[in-house]
Amino acid sequence: MAIKHFLQFSDFTLDEFEYVMERARVIKRKFKNYDTYHPLLDRTLVMIFEKNSTRTRLSFEAGMHQLGGAAIYLNTRDSQLGRGEPVEDAGQVMSRMCDIIMIRTFGQDIIERFAANSRVPVINGLTNEHHPCQVFADVFTYVEHRGSIAGKTVAWVGDANNMLYSWLQAAQVFGFHLNVSTPKGYDLDAKLVDPANKNYTLFDNPSDACAGVDLVNTDVWTSMGYEEENQARLKAFDGWIVDEAKMARARPDALFMHCLPAHRGEEVSAGVIDGPQSVVWDEAENRLHIQKALLEYLVVGKIEEK
């Protein structure tokens, strides 16, 4: 199979996403049944972290071990990247010593340049612009709980961040609609949105964005790299908390998701994130299963095993 990267959500077709989700179901079932499954025996994943992580590191590292392979953790203190080695050179060297690479970094341009010089698949573990693995796990979680997401409506309440841009791409791929409500001054960056994307509507009122939706989604108001803006953001985002009143405007069977970590009392109330409509713990666990299926697909290609 030709080298395939997963750098943003739009890199895969609907058929590819559906295949990987089906593999995730199989792999998850094996995991729950304690069935040994090692399709990546003697394969190595290199994980490069320029941004801190809990769920990304744990899910990729545990997942690679569970698939029979090895995972190597590198941060900027452990590699020449921290001393200014060109990204292109790092891509050339690292990709000759492993089978697949996951990068969690700042600008999307960094991972694009790295992948252009890599001889193995590269996965985006998070950039400032996109978080495709998280949104893939979120879609998989919705499908597990409610069936197909096609034709559904998802509300995004909060910052126009990397999660939102991946959700916008997911809406195009899977054929659902996204209601977007962001505070003034924290609006969508038109350069990061496909001009052909008609699968979203903007709302000034976050409560209106939640009306009649099937899923309500949010994230922290201050993402990594924007900590100096925290106080200004707390003021600007006043009213954008996902609370019981907003969830009451969604469909009675609507789900709530949050990619975590969460700040109860800021972007979400404790009653919502810890309530019966919340699936955040399933969502977090599914990072492991989706990424294991993604690793399998990118390294060895399609498998027809049941």
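None of Tyr297, Phe136, Phe174, Tyr19 except one satisfies the ring-ring contact (aromatic ring centres under 6.0 Å, His included) rule with Phe12; the exception is Tyr297. Of the listed residues (Arg287, Lys51, Gln134), just one forms a side chain to side chain donor-acceptor pair (under 3.5 Å) with Thr56, and that residue is Arg287.
The nearest pair of heavy atoms linking Val122 to Leu7 is O-CD2, 3.5 Å.
No side-chain heavy atom of Leu215 sits less than 4.5 Å from a side-chain heavy atom of Phe256. Using a 4.5 Å cut-off on side-chain heavy atoms (C-beta onward), Arg25 and Val143 make contact. In this structure, Ile101 and Ile48 have side chains that are in contact, with non-hydrogen atoms separated by less than 4.5 Å. Using a 4.5 Å heavy-atom cutoff, the side chains of Arg57 and Met47 are in contact.
Ring centers of His289 and Phe140: at least 6.0 Å apart, outside the cut-off. Ring centroids of Tyr186 and Phe237 are separated by less than 6.0 Å, placing the two rings close together.
Atom NZ in Lys292 sits 11.5 Å away from atom CG in Asn286 (nearest 0.5 Å).
Counting only distance, with no hydrogens or angles, the side chain of Asn179 and the backbone of Ala155 share no donor-acceptor pair below 3.5 Å. Formation of a donor-acceptor pair under 3.5 Å by the Trp240 side chain with backbone atoms of Ser181 is found in this model.
In summary, the side chains of Ser59 and Gln291 do present a donor paired with an acceptor at a separation below 3.5 Å, with no hydrogens or angles considered.
Arg29 and Asp35 are not joined by a salt bridge, as no carboxylate oxygen comes within less than 4.0 angstrom of a charged side-chain nitrogen. Under the 4.0 Å criterion applied to side-chain N and carboxylate O atoms, Lys235 and Glu229 are not assigned as salt-bridge partners.
The hydrophobic clustering, which links ILVMFWY residues whose side-chain heavy atoms are closer than 4.5 Å, places Val280 and Trp156 apart.
For the pair Lys30 and Tyr37, the cation-pi criterion (under 6.0 Å, within 45° of the ring axis) is fulfilled.
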